[in-house]
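See below for the structure under consideration.
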Amino acid sequence: MLKVYGLYRSRATRPLWLLGELGVPFAHVPVTQAYKLADPLAADAPLNTLSPAFRALSPAGAIPVIEDAGFVLAESLAITLYLAKKHGGPLAPADPQEEALMLQWALYGTTAIEEPALEISFAYARGEAETEAGRARIAAAEGKLLRPLAVLEAHLATTGQIVGDRFTVADLNMAEIVRYAQPDTALMARFPGVTRWLEAAQARPAFQAMWAARTAEPA
Ligand SMILES: N[C@@H](CCC(=O)N[C@@H](CS)C(=O)NCC(=O)O)C(=O)O
């Protein structure tokens, strides 16, 4: 059976959400991030990103990773694109052009949006939005996001989706990247089309199921 390595409280949300959309059964192996543990190499440490058994699968030491009948794949966005293409259906690319566009938007999301959006996510999670230094960090991240979110806003004004006129793995990938900026309601309010599209993606039953499992996981 397909195995997904990585806690729900990580970028493993991406394949975990997608597998819910596809209805594909899988075994979940809850590998945790080493930085969350006092001594990740201790004999009694839970399986983590520094555990030798996990490093044998993932030399980069990062989650998520999947193992599909002996095929091992890392990088969350490569995993979702692989799984969507393998299992087909409306979430998958319909032709090589759609596949290329899905790759284009995945790369744009990860290079132009993910890092500053994560800055915002961490700042809010750590309660730094209340401090002057935190507000300065958030403002700097907002500055980096204005242009790519405007690109996304203009793009979504065409069909309302990232690729084609239906919900696909490209929407799922981008939604999981933009989610990191969501706590910044003032920023999101400047992009009503992006906000509507993100909320529609997050209203899907498979997202809701993934989110419930994530919320149930210890922080
Ligand atoms: N670009 C990679 C990033 C993977 C990544 O950095 N994962 C984090 C958790 S979300 C991780 O495993 N960090 C390892 C650690 O902190 O020990 C992907 O999208 O899969």
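What's counted below: heavy atoms across the whole structure, side chains too, no hydrogens, waters or symmetry copies. It should be emphasised that the depicted structure is a prediction, and the values quoted were computed from it without experimental measurement. Note that ligands are numbered from 1 as they come in the structure, with each ligand's atoms numbered from 1 the same way.
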Step through it carefully: locate the ring centre of F71, locate the ring centre of Y82, and say whether they are under 6.0 Å apart.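 Yes: the rings meet the under 6.0 Å criterion.
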
Determine whether the aromatic ring centres of Y8 and H28 lie less than 6.0 Å apart.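 Yes, they do, as the ring centres are separated by less than 6.0 Å.
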
As an exercise, identify every atom of ligand 1 less than 4.0 angstrom from a heavy atom of A34.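 Counting atoms of ligand 1 from 1, those under 4.0 Å from A34 are 17 (O).
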
P64 neighbourhood, listing ligand 1 atoms whose heavy-atom distance to it stays under 4.0 Å: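 So the atoms of ligand 1 that pass are 20 (O).
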
Top protein contact for [atom], by heavy-atom distance:
atom                    : value
atom 15 (C) of ligand 1 : T49 OG1, 3.5 Å
atom 19 (O) of ligand 1 : S76 OG, 2.7 Å
atom 16 (O) of ligand 1 : Y35 CD2, 2.9 Å
atom 14 (C) of ligand 1 : G61 O, 3.5 Å
atom 9 (C) of ligand 1  : Q33 NE2, 3.7 Å
atom 6 (O) of ligand 1  : R11 NH1, 3.2 Å
atom 1 (N) of ligand 1  : E75 OE1, 2.7 Å

Look at R166 together with E21 and state whether they make a salt bridge at an N to O cut-off of under 4.0 Å.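 Here R166 does not pair with E21 in a salt bridge, since their nearest N and O are not under 4.0 Å apart.
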
Can a side-chain donor-acceptor contact be found between [Y] and [X] if the only test is distance below 3.5 angstrom?
X    : Y    : result
D171 : W197 : yes
N173 : T80  : yes
T13  : E176 : yes
Q208 : Q202 : no

Please confirm whether I63 approaches ligand 1 to less than 4.0 Å, judged on its heavy atoms.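 Within the 4.0 Å threshold, so yes.
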
Examine R126 relative to F122 and say whether NZ or CZ is less than 6.0 Å from the centre of the six-membered ring and inside a 45° cone about the ring axis.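 Positive - R126 is close enough to the ring of F122 and near enough to its axis.
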
Is it the case that ligand 1 has an N or O less than 3.5 angstrom from some N or O of S10?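 No: no nitrogen or oxygen of S10 is under 3.5 Å from one in ligand 1.
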
